[in-house]
Amino acid sequence: MNAFWIIGALIAAWLVLRWLTGRGTARPAGDPFVTKRNPKTGEPVPPGSGKGRERLRATATHRPQLLAENGLPNIARRDDLARALGITRGTLDWLAFPDDREQPPHYSAFAVPKRSGGYRVLYAPKPKLKAAQHWIRKEILSKTFAEDPAHGFVAGRSIHTNAQPHAGKDIVVTLDLDNFFPSVTYRRVRGIFQSLGYGEEVAIPLAMLCTVKPAEKVREFVGGQRHRMLPQGAPTSPALANLACRHLDLRLAGLAKKFGCTYTRYADDLTFSGDDTFRRSLKRFLKLLHQIIAKEGFKLKKGKTHFARRGARQEVTGLVVNDGPRVPRAYRRRLRAILHNARRGGLEAQNREKHPHFRQALRGRIEFVRSTHPDLAEKLIAELNAIG
């Protein structure tokens, strides 16, 4: 009996000790930020150096040392944030905590049709909010970093760097995340700023400045989202979306390594490629993939999972990768046909979509061709310049 009581006491002591040491360290749900730490000292490392990475927990506490190590502005109070933004405290409160009866406050919102059907809601921030968002992007978000698989909205990366790793593979699998920006909610964004080192007093208004509450009339176009979310069109949204996906990218990169395939992400486009061994394991791979995406708070778009074997056209973010990233032949032919017909009937006769700046739009398409076919692009530019 004495031994029984001794064992019970030891177990109770162990549980109390575990509770005390673990208190306050649980990661809030939805905290997506992953940072670097020195593997020897455990101290955070500024973005861009070292290889050791682990999840950093969001806290309500202002952490000036972490902000300094990451090269971020040391802002502890809302009055300080207002001064950094070059506005009054009253203006900050007006921008960050608007009257929800005004929908959407501080934005001009409009729906544009998507090629796949339905509509996409774009938000153009009004001048004062846009200026605040530009400051946040420049002084805070530009000093963070995305994981290696991310190629969208990242300096030095592009659709070409996203497509290149998948060139010449036996099979290419592409998938789309559904309602990408609306899936990143205020709670996630606040967790990102807290994980960077900002306390709640500053992280809350920063997150409010970078999110919007969708009006009821547009909720069907944003996946039914009712909570504050990232607005597509704000200068802060791309970087915050990448930060929200950092843990997703790490987990999917780990899954890809386990199955011997390659993974990249360009915004909401996910791409995996590999050899025939990978193809034979696709059923098990896709089951685990769906589980990871769901656990990270995202959803896959139905009907947008595509499989392309080597014998078929393998396309990644608009580029054909069978023999290396190339602008599709059909795209080049269409562009040449437009210029050929414009020489006879005039440029505006080819503007069937009524683009307000059609010449500039054609030049943009030619620059896209230049990325993989520079000689052809020179000829197309000469043709465009010859059209009156």
Side-chain angles (χ1 to χ4, degrees), residues 27 31-39 43-56 69-72 137 140-177 180-181 183-184 188 191-192 195-196 230 236-275 278 285-286 288-289 291-293 295-298 300 314-319 321 324-325 371:
R27 179 181 62 86
D31 169 21
F33 191 76
V34 181
T35 192
K36 293 183 176 181
R37 282 182 174 268
N38 187 309
E43 292 294 319
V45 178
S49 59
K51 294 185 178 179
R53 291 172 181 156
E54 65 179 42
R55 186 178 298 229
L56 182 64
E69 289 169 344
N70 287 334
L72 301 176
R137 179 189 59 80
I140 298 177
L141 299 177
S142 67
K143 299 173 184 177
T144 62
F145 67 100
E147 292 299 328
D148 292 340
H151 291 260
F153 321 125
V154 180
R157 305 181 199 176
S158 64
I159 60 172
H160 298 87
T161 62
N162 182 68
Q164 180 63 55
H166 306 289
K169 299 294 182 67
D170 289 333
I171 187 166
V172 175
V173 182
T174 57
L175 314 93
D176 287 1
L177 294 176
F180 182 53
F181 285 100
S183 296
V184 183
R188 283 192 175 207
I192 289 171
S195 296
L196 288 168
L230 284 186
T236 46
S237 292
L240 286 168
N242 271 343
L243 291 174
C245 285
R246 292 189 66 184
H247 197 240
L248 173 69
D249 287 337
L250 286 171
R251 293 188 69 181
L252 292 183
L255 180 68
K257 183 178 180 181
K258 179 179 178 181
F259 281 82
C261 64
T262 300
Y263 162 64
T264 64
R265 179 180 61 82
Y266 192 95
D268 56 349
D269 294 333
L270 312 180
T271 306
F272 298 87
S273 64
D275 58 17
F278 170 58
F285 170 83
L286 289 174
L288 294 172
L289 172 69
Q291 291 175 359
I292 290 173
I293 289 173
K295 288 180 180 178
E296 290 300 320
F298 294 97
L300 286 173
Q314 299 172 326
E315 189 171 320
V316 177
T317 48
L319 297 173
V321 297
S371 62

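Residue numbers run from 1 in the order of the sequence given.
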* Ring-face cation of Arg188 near Phe298 (centre distance under 6.0 Å, axis angle within 45°) ->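 Geometry flag: set, cation within 6.0 Å and 45°.
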
Are the side chains of [Y] and [X] in contact, using a 4.5 Å heavy-atom criterion?
| X | Y | answer |
| --- | --- | --- |
| His166 | Gln314 | no |
| Leu270 | Ile293 | yes |
| Leu300 | Asp176 | no |
| Leu175 | Leu289 | yes |
| Val184 | Leu240 | no |
| Ile292 | Lys295 | no |
| Thr271 | Thr317 | no |
| Ile192 | Thr144 | no |

* Residues which pass side-chain hydrogen bond (donor to acceptor under 3.5 Å, both in side chains) with Asn242, listed by chain and number, not counting sequence neighbours ->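 Result, side-chain hydrogen bond (donor to acceptor under 3.5 Å, both in side chains) vs Asn242: Arg265.
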
* Centres of the Phe259 and Phe272 rings: under 6.0 Å? ->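 Between Phe272 and Phe259, which both carry aromatic rings, the centre distance is not below 6.0 Å.
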
* **side-chain contact (heavy atoms from CB on, under 4.5 Å) between Glu147 and Phe145, intermediate numbers included** => CA-CA 7 Å; Glu147 292 299 328; Phe145 67 100; 4.2 Å; yes

* **Counterpart residues, ring-ring contact (aromatic ring centres under 6.0 Å, His included), relative to Tyr266 (two or more places apart)** =>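 Expected list: none.
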
